[in-house]
2 protein chains.
Amino acid sequence: MKIGELSKQTGFQIETLRYYEKQGLLQPVSRTDSGYREYDVESLKQLKFIHQAKSVGFSLNEISELLTLRVERDQHSCSEVKNIAEQKLEQIENKITELSKMRDALYVITDACCGGDEPATTCTILSALDDGSKQVGAKLS
Amino acid sequence: MKIGELSKQTGFQIETLRYYEKQGLLQPVSRTDSGYREYDVESLKQLKFIHQAKSVGFSLNEISELLTLRVERDQHSCSEVKNIAEQKLEQIENKITELSKMRDALYVITDACCGGDEPATTCTILSALDDGSKQVGAKLS
DNA sequence: CTTGACCCTGTAGCTAACTTTAGGGTTTAT
DNA sequence: ATAAACCCTAAAGTTAGCTACAGGGTCAAG
């Protein structure tokens with residue numbers, strides 16, 4: 001199949017598919033005489049793999065690594081694969097922790113604000129951000 | 001004080017301070033005859049505000065908005081400020097939800113992997129990512 | 001009176017993952 | 001035969017938030 005068809009079947013934009021090729025994530029199976037890219041069902045499977053990997057947070061570089069492990073399954077161990085996954089898991093957890101701290105801190109100062117129509121002259125949110133003497137959310141982290 | 005001093009006292013890099021000026025976040029109070037930027041204690045306070053706002057997740061554009069509200073407190077209501085904060089809170093919560101789904105999905109497929117030295121021929125992680133027939137983590141979302 | 005620390009402007013580069021633009025060739029249907 | 005739909009390449013633009021570079025002026029101490 002040609003690139004437009006692959007795009008339709010996978011939901012990836014044509015430009016994105018060409019970009020993935022440049023990044024080494026998906027090579028066309030061949031080219032027609034006129035230079036058109038040709039793909040097959042393997043391409044489809046690979047793109048599903050890429051989609052799944054993206055959905056759990058892997059970057060394109062990491063997916064590239066995973067794809068190598070995938071095609072060379074025999075030469076690689078489960079631990080290699082699991083290491084990559086656990087590393088990513090840790091990154092995601094760290095990000096969640098960081099965002100949770102932000103949320104907690106922001107919640108505290110937002111909740112304290114009346115939110116009414118009166119002028120913000122003594123608005124607790126502005127005051128809290130103004131107050132450089134202590135870290136916002138210090139109590140929570 | 002000059003930019004180097006301000007940098008030292010706030011921890012912001014000199015280049016960052018000049019960048020903030022271009023972005024409209026912090027104007028120097030004046031310039032010396034030779035064109036050097038001059039700042040005062042107000043600049044210091046404003047940078048602390050910026051730092052606090054950054055720490056709870058606001059973008060520079062949003063901080064710019066907040067700074068306007070801060071200086072024009074009288075002309076604006078608490079609800080305006082609170083709206084911005086609550087919007088940001090929602091964005092952060094959405095991001096946390098998204099990342100949590102990723103974490104859960106990734107945890108499930110990673111936990112199932114033996115992680116041993118045997119070849120990854122039937123590695124559950126690779127298989128899970130391969131399987132385009134169902135969404136990774138479908139059970140959890 | 002010169003050396004070193006400091007300051008200036010303007011522009012370019014960085015990251016990630018695309019998207020857009022410009023300019024042009026191919027295929028298919030009528 | 002011609003127009004629409006499709007495909008190609010290479011390069012530049014997008015986002016945010018800086019960071020670095022080139023080339024040059026200013027200021028205080030010894």
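A quick note: this is a predicted structure, and the numbers were derived from the prediction, not measured. Proteins come first, then strands; the chains are lettered A, B, ... in the order of their sequence lines, and each starts at number 1.
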K.L.:
If you look only at pairs with a residue in residues 56-72 of chain B, which of them pass as a salt bridge (Lys or Arg N to Asp or Glu O under 4.0 Å), with sequence neighbours excluded?
P.N.:
A/Asp130-B/Arg70, B/Glu42-B/Arg70, B/Glu62-B/Lys88
K.L.:
If only atom types and distance count, is the side chain of A/Glu90 paired as donor or acceptor with the main-chain N or O of A/Gln87 below 3.5 Å?
P.N.:
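Flag not set: sc A/Glu90 to bb A/Gln87 has no pair under 3.5 Å.
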K.L.:
What donor-acceptor contacts under 3.5 angstrom involve side-chain atoms of residues 106-124 of chain B, with partners at least two apart or in another chain?
P.N.:
unit_1: B/Thr110; atom_1: OG1; unit_2: B/Leu106; atom_2: O; d: 2.6
unit_1: B/Thr124; atom_1: OG1; unit_2: B/Cys113; atom_2: N; d: 3.3

K.L.:
With a 4.0 Å heavy-atom cut-off, tell me which residues in residues 3-11 of chain A come close to DNA chain D, sorted by residue number.
P.N.:
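Listed by number, they are A/Ile3, A/Gly4.
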K.L.:
Would you say a side-chain N or O of A/Arg18 is under 4.0 Å from OP1 or OP2 of D/dC8?
P.N.:
yes
K.L.:
Taking all non-hydrogen atoms of both residues into account, name the closest pair between A/Ile63 and A/Ala53 and its distance.
P.N.:
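Shortest heavy-atom separation between A/Ile63 and A/Ala53 comes out as CG1-CB, 3.6 Å.
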K.L.:
Over how many whole Å does the gap from A/Lys2 atom NZ to D/dC8 atom C1' extend?
P.N.:
13 Å
K.L.:
Going by ring pair (Phe, Tyr, Trp, His ring centres under 6.0 Å), name the residues that satisfy it together with B/Phe49, two or more places apart in sequence or in a different chain.
P.N.:
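In terms of ring pair (Phe, Tyr, Trp, His ring centres under 6.0 Å), with neighbours along the sequence ignored, B/Phe49 is linked to no residue.
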K.L.:
Looking only at heavy atoms, what is the nearest atom pair of B/Leu25 and B/Leu60, with distance?
P.N.:
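Heavy atoms of B/Leu25 and B/Leu60 come nearest at CD2-O, 4.0 Å.
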K.L.:
Give every residue pair that meets the salt bridge (Lys or Arg N to Asp or Glu O under 4.0 Å) criterion with at least one member in residues 2-28 of chain B, sequence neighbours excluded.
P.N.:
B/Glu15-B/Arg18, B/Glu21-B/Arg31, B/Glu21-B/Arg37
K.L.:
Measure the distance from CG on A/Leu17 to C1' on D/dC8 and round it to the nearest whole Å.
P.N.:
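After rounding, the reported distance stands at 14 Å.
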K.L.:
How long is the straight-line distance from CG of B/Leu66 back to CD1 of A/Ile125, given to the nearest 0.5 Å?
P.N.:
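Those atoms lie 8.5 Å apart.
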K.L.:
Hey, are the side chains of B/Ile50 and B/Leu67 touching, using non-hydrogen atoms and a 4.5 Å cut-off?
P.N.:
yes
K.L.:
Do A/Asp40 and A/Ser43 pair up side chain to side chain, a donor and an acceptor below 3.5 Å, judged on atom types alone?
P.N.:
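Indeed, the side chains of A/Asp40 and A/Ser43 share at least one donor-acceptor pair under 3.5 Å.
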K.L.:
Taking all non-hydrogen atoms of both residues into account, name the closest pair between B/Thr10 and B/Leu6 and its distance.
P.N.:
OG1-O, 2.8 Å
K.L.:
Hey, where on DNA chain C does chain B first and last touch, going 5' to 3'? Cut-off is any atom under 4.0 Å from a heavy atom.
P.N.:
C/dC6 to C/dT11
K.L.:
When you compare the protein's N or O atoms with those of nucleotides 19-22 of chain D, which come within less than 3.5 Å of each other, and at what distance?
P.N.:
unit_1: D/dT19; atom_1: OP2; unit_2: B/Thr16; atom_2: OG1; d: 3.1

K.L.:
Could you list the residues that satisfy ring pair (Phe, Tyr, Trp, His ring centres under 6.0 Å) with B/Tyr20, not counting sequence neighbours?
P.N.:
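By the ring pair (Phe, Tyr, Trp, His ring centres under 6.0 Å) rule, B/Tyr20 matches B/Phe12.
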K.L.:
Would you indicate whether the side-chain heavy atoms of A/His51 and A/Leu47 approach each other to under 4.5 Å?
P.N.:
no
K.L.:
Could you list by number each residue of residues 28-46 of chain B showing a heavy-atom separation from DNA chain D of less than 4.0 Å, or answer none if no residue does?
P.N.:
B/Ser34, B/Tyr36
K.L.:
Applying a 4.0 Å non-hydrogen cut-off, can you work out what A/Phe12 is touching in the nucleic acid: base, sugar-phosphate, or nothing?
P.N.:
nothing
K.L.:
Do any N or O atoms from the side chain of B/Ser7 and from the backbone of B/Ile3 form a donor-acceptor pair under 3.5 angstrom?
P.N.:
no
K.L.:
Could you go step by step and tell me if A/Leu99 and A/Met102 meet the side-chain contact (heavy atoms from CB on, under 4.5 Å) rule?
P.N.:
CA-CA 5 Å; A/Leu99 287 173; A/Met102 285 183 181; 4.0 Å; yes
K.L.:
In degrees, rounded to 10°, what is the bend between the two ends of the helix from C/dC1-D/dG30 to C/dT30-D/dA1, using five pairs at each?
P.N.:
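Taking the rotation axis at each end, their angle is 30°.
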K.L.:
Go through residues 57-64 of chain A and report each residue with a non-hydrogen atom lying under 4.0 Å from DNA chain C, sorted by number.
P.N.:
A/Ser59, A/Leu60
K.L.:
Write down the atom of A/Leu129, the atom of B/Gln52, and the distance for their closest heavy-atom approach.
P.N.:
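Scanning both residues completely, I find the closest heavy atoms to be O-CG, 3.3 Å.
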K.L.:
Excluding sequence neighbours, so at least two apart, what forms ring pair (Phe, Tyr, Trp, His ring centres under 6.0 Å) with B/Tyr19?
P.N.:
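None.
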K.L.:
Give me the atom names and distance for the closest heavy-atom approach of B/Ser127 to A/Arg73.
P.N.:
OG-NH1, 4.1 Å
